[in-house]
Amino acid sequence: MGSVRTSQTPAAAEEAPASAGPESGRSRPRRTRRVGVPAVFRPPNVFILPAALFLLGTIGYAIGYNINLSLRGGGLAAFLAGEATFVGLDNYVEMLGDRRFRNALWVSLLFSVGSLVFQFVIAFAIALVFNAGFRGQSWVRTLLLVGWVLPPVVSGSLFRWLLDGTFGLINHILVSVGLTQQAIFFLSDPTLALVSVTAASIWVGVPFLTVLLLAGLRTLPREIYEAAGVDGAGYWQSLRHMTLPLMKPVSLTVLLLAAIWTFKAFDTIYIMTGGGPARATEVLPLYAYHMAFRVHDFSTGAAAAVVLMLFPLILGILYLRSARRH
Amino acid sequence: MHDVTTTDPAPAKGAAPEPPAITAAERRRRRAARIRAVVMWSFIALYLFPVYWMISTSLKPMSDVATVPPVLVPTDLYLGAFESVLSNSAFLQSMRTSAIVATGTMVLGLFLAVPAAYGLARWRGRGAEVSSLSFIMAQLLPTIVIATPLFVLFASVGLTNSHLGLIIANTTIVLPFAVIILRPFFAGLPAELEDAARLDGCNPLQTLIRVAIPLARGGIVTIASLSFILTWGDLVFGLTLVTDPALRPITATLTEFVTEYTTYWNLLMAGAAVASAPILLTFLLLQRYIVGGLMDGALK
């Protein structure tokens, strides 16, 4: 299967520009192209319109709504009545001054960086072993993805049960091996709670990253490795001097995707700790949820949402710039 | 692409019978492959232990759940936890909601995503680039950012507490993802077949339906199953767009279970197992499409 896939990748890539040439000169006379019908209305381009309109009506609306509401005061009722006054950046200033927001920003950072580093390193190591090949690897790969397809609420519940202070299995093991005297209350100690939700997030994220990195490894040219083997390069040498540099663009993509996914993580944390204890695990999405749906401070919720939108936007732009350079 | 279950070239090379004398290098390579297999199988056993523990706990009576030392393998299978979960009408109602919403999202998502991915794959030029980019960006937004505005919008048009509202909301997440993953499937199709269809008098829509969709059906199965899985797993919309407990999807009901039954771990684990069953079934039945499709589509 690996060979099929790698052979298919360049083929598909070459296809695109190759078919562009004949298509532009063929079938449709050049005249229609010049008359002012915008490209998007010409078939089959026009097929993207239903999806584009749907997303404009939902996501586009959501973006506009968040930006608009975040700049207004007077609460949701005034906003819906069209009477909310424009207050500029007041909501942001207020939010930035809020201890709770700064805490959420910090927790998000710790959680995302912790998840990201471990997810990436573990996934890369596993992908390398897969790429080297072993008996039953397609089975192992499928089983690995079970952790990813499980609803996050379920994986959160599993970890909550495993880490339970009174009857959790992990405590049983720690005590019986003699590592600790007493049971540890993983989810009620602030530091341990953050470590615990990060661990769960690593468990959930590793499979998908592994699959992406493996797809990247499969596209690396085998000939280079054979040449290096002839020159007497060992495994670690070719890993360091060939695999890692060659994988840089793919790694960057995967890291950015993973950064965005961990940054938007909500479900697992919501069910494991609900953001507690003492907001030690309250990441930004939980903060935004709390502000809008618990406190009903929709303006601050919207300001938090704008901050949450900016993050993927910045990362996305960084990614595109680096992708263009490669 | 579809043959995920067949062995990969690397181990096939190692396992192939080599009639002449086995060299030392070859023997070393085989041993390394065996070690890799042992390491990875042990890793996967450890990785999946939480899932095993869920099923194991759900099959124990409460008296066996909290014992020291813990019962690793339940000897007498106790089905009481499953019985009480499956006789809980709120739970079953939620499973039904999730099934309706996940299926509806899958249908609406495919209906919008398939033509869009095809159009995007065939469109050359700057506009296509900008559109692709917008789809990618839309996929990156945190769900909660969309949930609040949709709540306000739906409240004003009466779509909160409705299946349709949840279907629309989940489609906003599924659609960009589906377009991104599907596009390379269409881009990789041989253009000659579509040209032939055009010469036979098919208009672009007929070409899409009669030629492109049948050829890209592997990708479409991938996306259909992934959108079902993604939607079934959603919690944010289930929490925010539904206030009527009778209309909650299963994920939101499970969070209620956690607070209600935290001392009855066997019940909670049985609930979690039942809630995951449709997903695991879908995944295991269609895994060759899902894994292959993800690997083909995700990095392009």
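To find a chain, count down the sequence lines: A is the first, B the second, and so on, and within it residues start at 1.
- When the candidates B/L208, B/V152, B/V179, B/T143 are compared by the number of heavy-atom contacts under 4.5 Å with chain A, B/V152 comes out ahead.
- Under a 3.5 Å cut-off, the side chain of A/N131 and the backbone N or O of A/A127 do not form any donor-acceptor pair.
- Options A/F293, A/W161, A/F167 differ in how many heavy-atom pairs under 4.5 Å they form with chain B, and the most are formed by A/W161.
- Here B/L239 is the residue among B/L254, B/L239, B/V114 with the most heavy-atom pairs under 4.5 Å with chain A.
- A/P152 is not listed as a side-chain neighbour of A/V204, based on a closest heavy-atom distance of 4.5 Å or more.
- Taking each heavy atom of B/W232 and B/A102 in turn, the nearest pair found is CE3-CB, 4.1 Å.
- Both the backbone and the side chain of B/M40 come within contact range of chain A, each with at least one heavy atom under 4.5 Å from a heavy atom of that chain.
- When heavy atoms are compared at a cutoff of 4.5 Å, B/I146 approaches chain A by way of both its backbone and its side chain.
- Looking at A/I63, only its side chain comes within 4.5 Å of chain B, counting heavy atoms on both sides.
- Looking at B/I44, the atoms closer than 4.5 Å to chain A (heavy atoms on both sides) all sit in the side chain, from C-beta outward.
- Annotation: side chain of A/K264 is not in contact with side chain of B/I144 (no heavy-atom distance under 4.5 Å).
- A/F130 pairs in a side-chain contact (heavy atoms from CB on, under 4.5 Å) with only one of the listed residues (A/L213, A/T210, A/V211), which is A/T210.
- Using a distance-only test at 3.5 Å, with no hydrogens or angles considered, no donor-acceptor pair links the side chain of B/W41 to the main chain of A/G136.
- Side chain of A/N171 to main chain of A/D164: a donor-acceptor pair is present (N/O by atom type, distance under 3.5 Å, no hydrogens or angles).
- Counting heavy-atom pairs closer than 4.5 Å to chain B, the top residue among A/L308, A/L169, A/T58, A/V146 is A/L169.
- Heavy atoms of A/S176 lying under 4.5 Å from chain B are absent altogether.
- Contact annotation for B/T282: neither backbone nor side-chain heavy atoms come within less than 4.5 Å of a heavy atom of chain A.
- Residue B/L153 touches chain A through both its backbone and its side chain, counting heavy-atom pairs closer than 4.5 Å.
- Highest contact tally toward chain B, considering only A/A288, A/G274, A/A51, A/P312, is held by A/A51 [criterion: heavy-atom pairs under 4.5 Å].
- Both the backbone and the side chain of B/V65 come within less than 4.5 Å of a heavy atom in chain A.
- Proximity to chain A is limited to the side chain of B/Y118, based on heavy atoms less than 4.5 angstrom apart.
- In this structure, chain A has heavy atoms under 4.5 Å from both the backbone and the side chain of B/I168.
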Go through it in stages, so that I can follow the logic: the residues are B/T207 and B/E194, the test is side-chain hydrogen bond (donor to acceptor under 3.5 Å, both in side chains), and I'd like the CA-CA distance, side-chain angles, deciding distance and then a yes or no. CA-CA 6 Å; B/T207 310; B/E194 287 168 53; over 6 Å; no

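- You'll find the side chain of A/T273 stays beyond 4.5 Å of the side chain of A/R160, heavy atoms only.
- B/F186 approaches B/A121 most closely through the heavy-atom pair CB-CB, 3.7 Å.
- Contacts between B/L140 and chain A at a heavy-atom distance below 4.5 Å involve backbone atoms as well as side-chain atoms.
- Judged by distance alone, the side chain of A/R294 and the main-chain N or O of A/Y289 form no donor-acceptor pair under 3.5 Å.
- Within the 3.5 Å criterion, the main-chain N or O of B/L268 finds no donor-acceptor partner in the side chain of B/N266.
- Looking at B/F49, the atoms closer than 4.5 Å to chain A (heavy atoms on both sides) all sit in the side chain, from C-beta outward.
- Only the side chain of B/L175 comes within less than 4.5 Å of a heavy atom of chain A; its backbone N, CA, C and O stay farther away.
- When each of B/R126, B/Q139, B/M54 is scored by its heavy-atom pairs under 4.5 Å with chain A, the top score falls to B/M54.
- Contact annotation for B/L199: neither backbone nor side-chain heavy atoms come within less than 4.5 Å of a heavy atom of chain A.
- Taking chain A as the reference chain and counting heavy-atom pairs below 4.5 Å, the highest number among B/L150, B/V51, B/V38 is found for B/V51.
- Note: A/W203 leads A/W261, A/F159, A/W203, A/Y65 in heavy-atom pairs under 4.5 Å with chain B.
- Between the side chain of B/T231 and the main chain of B/F228, no donor-acceptor pair closer than 3.5 Å is present.
- For the side-chain contact (heavy atoms from CB on, under 4.5 Å) test with A/S108, the passing option among A/F311, A/Y287, A/F263 is A/F263; the others fail.
- Both the backbone and the side chain of B/T251 come within contact range of chain A, judged by heavy atoms closer than 4.5 Å.
- Residues B/I250 and B/S98 share a closest heavy-atom pair of N-OG, 2.8 Å.
- The candidate from B/S276, B/A147, B/A32 with the greatest count of non-hydrogen atom pairs under 4.5 Å with chain A is B/S276.
- For B/F111, no part lies near chain A; criterion is any non-hydrogen pair under 4.5 Å.
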